[in-house]
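One structure below.
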Amino acid sequence: MATVSFQNIEKSFGTTKVLHGISFDIKDGEFVVLVGPSGCGKSTLLRMLAGLEEITAGTIAIDSKVVNDVESKDRDIAMVFQSYALYPHMTVADNMAFSLKLRKADPKMMQERVAHASKILNLDPYLKRFPRELSGGQRQRVAMGRAIVRDPKVFLFDEPLSNLDAKLRVAMRAEIKALHQRLKTTTVYVTHDQVEAMTMADRIVVMHDGRIEQIGEPLALYDHPANLFVAQFIGSPAMNVVSGVIKRSNGSAIVDMGDGVQWPLHGSPGTEGQSVAYGVRPGDLALTSATAPGAVQGEIVVVEPTGAETELLIQAGKAQLILVTHGRPDVNPGDRVGLAVTPGKVHVFDQGSGNRVAA
Amino acid sequence: MKRGITWRQISTEAKLLLIGIPVFIWTMLPIYHLFLFAISPKESALGGQLWPTEPTLQNFRIVFKEQHHYLDHFWLQMWNSLIIAVAVGVLTLIVATGAAFAISRLKVRGGRLVMNLALFTYFIPAAFLAVPMYKTMGVYGILNNQWSLILAMVTIASPYSIWVLKQASDKLPYELDEAARMDGASPLQLFRLVYIPLMMPSLVAVGTYALLLAWNEYLYAFLLLSNDTKITLGVALGNFLAADDSPWELLMTTGLLYALPPAAIYYTFKRYMVGGLTAGAVKS
């Protein structure tokens, strides 16, 4: 159990700067997910915390103790690698006990810890097996077991699920989450999958090009993205974003796309004539009749029923939008429809800076 | 359709046999000759028969009991060959494993330079270095000492061994090192507990290579060792040809015996040379 603190962390590989001053704190017992597209520096940041990469500038502290010059093995952290990195010549039990053996731990205590971890992870029947005799999900659990037996201050996960198939990934996601709720160990988890981030995190750190775009609880990021990048990165299907200009007339405001389409603005964010990106989540769009007052005119392009939901691709002016509805609307490609936006669910961002325009 | 497949199979088999049979005959003929000489009595040894009329084990008896002046030190020379070959194998492994681990896993500075130099040594044939090596051993004062041959052979075997082991090391996933480091392993523990076990197939292959290289060496052994009690069996075999009336059947018998240990070593370690030990370490 520990807190982690990053202060102005910078990282350069040669002349290429990959992290530009990262600062944030992780509370004791918190599950923090670093998420971002590949190359954003999230794995590098994790590896710096692990002590596997040099820190170019700034400080990393675990439990208020700066660990910049502390070796990995003395930081009391355990890491689960994307490739599992199990020792192929050791049995599952030996893999899990390896770190304790290196510390010359008491054999009885070692056995207890391994038994405890294997029980948590349902690995009991496999203790005598070698990694090559296990399935992907089992190997993943051994990798986690290796971390658990150490009872470290911080767990680090580096894209642990990206080598698993979709079904197993969902199952392991729940397992890791349950494990955290049980052990309450401070956890830093790196992924490029925003769904993983949303479902697992207490707090998400969205990174892009070596900078933090936003930090917050999953739903806060979803409901109030601070900028266009976060808006488009978080949420699946991605938020619809169209660009236009704010126009005001007698108390109400609209965003004019310049192609005959005008989107309603609730509240009155921004200033007259401001170029903005107008964002609506697919679930916050609704179908109305094409003749309804104030409705945006559109034409159905594709209908994709998935059973529980129906995803519609709709052409509105020059823009193509995605609408997700829980019903099974009776529409066909080519139909003219009207689109309504759920009030209060509109996101407006400045076209130049990409930052959210306050309502 | 079925006929087509069968025909193709037959043609593939036939092609393989067409290549295989001549290669087999080509390889086995000299060995068969060796064997034929070894079981023929002295009088009919050069008779040119496919099977001797009176096969005998007399030649082996003479060799084992050292009953010929060329064979006075047969067992000692066999022992010399063995001890030198094993020493070369072990020393080469120590040198090459250390170098490969340092360069490939610890990524020490200058590693690339060492690798390039190792490659460069292959532009110079070993025979060119025989005389300089002789002079060097003279300077060290270890001529006619078996250490001179051991050191010379380790020098010759090391660069190639370093290359092979470096390539094999590079294939081990680096995450294993990182995982071990996080688990608290020092570089030496990493070497001993993770690297060596995983490199075992390559180590056996390289050790066997160096061992057989030393076992089969003639030129350096001939130059660096002179005393009859110091030389290897290979050099002793060459000495058979010093006179005009060489005892061919004894030469061939000794040669056959000389060829047995490498064959035994090869068959013992063959199964270790098959890879696959790293399967399951990472998903690739």
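Just so it is clear, the model here is predicted, and its values are computed rather than measured. To find a chain, count down the sequence lines: A is the first, B the second, and so on, and within it residues start at 1.
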Counting only N and O atoms by type, is there a donor-acceptor contact under 3.5 Å from the side chain of A:His89 to the main-chain atoms of B:Tyr195?
no
Could you name each residue pair satisfying side-chain hydrogen bond (donor to acceptor under 3.5 Å, both in side chains) that touches residues 86-109 of chain B, not counting sequence neighbours?
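Matches after skipping sequence neighbours: B:Ser104-B:Asp170, B:Arg105-B:Asp177.
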Is it true that, when you exclude [X] itself, more than 12 heavy atoms of the residues, nucleotides or ligands shown sit nearer than 6.0 Å to its [atom1]?
X	atom1	value
A:Glu54	CD	no
B:Tyr218	OH	yes
B:Tyr140	OH	no
B:Phe101	CZ	yes
B:Gln167	CD	yes

Select, from A:Arg75, A:Arg150, A:Met79, the one with the greatest count of heavy-atom pairs under 4.5 Å involving chain B.
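Ranked by contacts with chain B, first place is A:Arg150.
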Strictly less than 4.5 Å between heavy atoms, which residues of residues 91-116 of chain A line up against chain B? Please order them by number.
A:Phe98, A:Ser99, A:Leu102, A:Arg103
Suppose a student defines contact as a heavy atom less than 4.5 Å from any heavy atom of chain B. Which residues in residues 40-53 of chain A would they list?
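Residues in range: A:Arg47, A:Ala50, A:Gly51, A:Leu52.
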How about residues 179-192 of chain B versus chain A: which residues have heavy atoms under 4.5 Å apart?
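Near chain A, by residue number: B:Ala179, B:Ala180, B:Arg181, B:Met182, B:Asp183, B:Gly184, B:Ala185, B:Gln189.
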